[in-house]
J.: 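This is the structure I want to talk about, given as structure tokens.
In what follows, every heavy atom counts, from backbone to side chain, and hydrogens, waters and symmetry copies are set aside. As the structure is a computational prediction, the values presented were derived from the model and not from experiment. For ligands, and for the atoms within them, numbers begin at 1 and follow the listed sequence.
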Amino acid sequence: MTSETIHDARLDAVRSQIAHAARIAGRQPEDIMLVAVSKTRDADEIAPLIAAGQRLFGENRVQEAQAKWPALKAATPDLSLHLVGQLQSNKAEDAVALFDAIHSVDRPSLVAALAKAMDSQGRRPDCFIQVNIGDEPQKGGCPITDLPALLAQAQAAGLPIIGLMAVPPADTEAAPYFALLAKLARRHGLAGLSMGMSDDLETAIMLGATHVRVGTALFGARNG
Ligand SMILES: *Cc1c(COP(=O)(O)O)cnc(C)c1O
């Protein structure tokens, strides 16, 4: 098989999984956005997915995205690019300039930096507040107890907060964490839920995910 055919087959398989989970949950498949996470993949690996019709991609580092995406976007203007990885405040200007959505807003200093960048650029990418849903010290995301205050600060600063995002603890059942994130989003009247990756996207969709972030299932295993 050519690399193009492999990518087509992987994209079809992931789309079928999304449609299957949506059907079980009584949801419309088109209400679930597939974010193809292309971190560590070069333009030659990304191009076949664009050719197969995928338009929404995710990256986890600003610098890596700046190196890859301007050329790809110039060739295909209707691409959308989402930042799914941790963001340093000193990269907020670059992130606001390049990305169409930011999934990793998680602390007051970053809210302030993003608000300043959005005001100066007149560009307001959609934002998700990332929650440290498993209370893991090494992980990004705001503590659950800080969510109300961070959300209020972000909304007062003019950030368009459309939902919550989380990465549950590894090697454990993800469903309770997805359910908890969905409950928090409902409590705060937020419609967006960025949750679910290659191994658990169907569970996430059944629990309300609106954005699934999928890398390995679309691109194959990463080399590091
Ligand atoms: C890499 C990454 C993903 C995709 O993970 P896969 O298991 O390869 O599907 C999703 N979300 C975030 C934040 C990531 O860094």
Side-chain angles (χ1 to χ4, degrees), residues 6-7 9-18 20-21 32-42 45-46 48-49 52 54-69 80-88 91 95 98-107 110 114 125-142 162-175 177-178 180-182 185 192-224:
I6 294 170
H7 278 78
R10 288 187 184 136
L11 185 59
D12 280 350
V14 171
R15 283 179 174 162
S16 303
Q17 275 187 296
I18 292 172
H20 178 247
I32 296 132
M33 315 268 274
L34 171 59
V35 184
V37 180
S38 50
K39 66 187 183 204
T40 76
R41 318 293 178 167
D42 59 27
E45 294 172 277
I46 297 168
L49 266 189
Q54 178 66 23
R55 289 292 178 271
L56 171 54
F57 290 85
E59 289 282 342
N60 70 336
R61 288 165 187 274
V62 175
Q63 260 173 323
E64 181 185 339
Q66 280 175 318
K68 287 193 307 208
W69 285 93
S80 295
L81 193 57
H82 288 197
L83 178 65
V84 301
Q86 278 191 42
L87 177 58
Q88 288 168 355
K91 297 267 168 59
L98 180 63
F99 290 96
D100 302 294
I102 296 171
H103 291 231
S104 48
V105 180
D106 67 355
R107 58 194 189 281
L110 180 58
L114 286 169
D126 288 338
C127 293
F128 294 80
I129 293 198
Q130 183 178 350
V131 179
N132 188 347
I133 200 73
D135 194 21
E136 298 174 281
Q138 78 284 10
K139 261 209 189 136
C142 82
I162 65 161
L164 301 180
M165 179 275 218
V167 182
D171 304 321
T172 133
E173 177 53 58
Y177 299 96
F178 292 153
L180 178 55
L181 192 73
L193 272 177
S194 170
M195 59 187 197
M197 315 200 295
S198 293
D199 289 339
D200 50 25
L201 68 102
E202 290 180 279
T203 306
I205 289 166
M206 291 174 68
L207 289 164
T210 59
H211 294 66
V212 289
R213 310 178 310 266
V214 180
T216 312
L218 291 170
F219 290 100
R222 266 185 301 275
N223 342 292

J.: Can any side-chain N or O of Q17 pair as donor or acceptor with the backbone N or O of E202 at less than 3.5 Å?
T.: no
J.: I'd like to know if the side chain of K68 and the backbone of S38 have a donor-acceptor N/O pair within less than 3.5 Å.
T.: yes
J.: Please check if atom CD in Q88 has more than 12 non-hydrogen atoms from other residues, nucleotides or ligands closer than 6.0 Å.
T.: no
J.: Would you please classify the geometry between the H211 ring and the F128 ring as parallel, tilted or perpendicular, with 30° and 60° separating the classes?
T.: perpendicular
J.: Is it the case that the side chain of D100 and the backbone of L81 share a donor-acceptor pair, with hydrogens and angles ignored and the cut-off at 3.5 Å?
T.: yes
J.: Keeping the roles fixed (side chain from T210, backbone from L193), state whether a donor-acceptor pair exists under 3.5 Å.
T.: yes
J.: Protein residues near ligand 1, heavy-atom distance below 4.0 Å?
T.: V37, K39, V84, M197, S198, R213, V214, G215, T216, R222
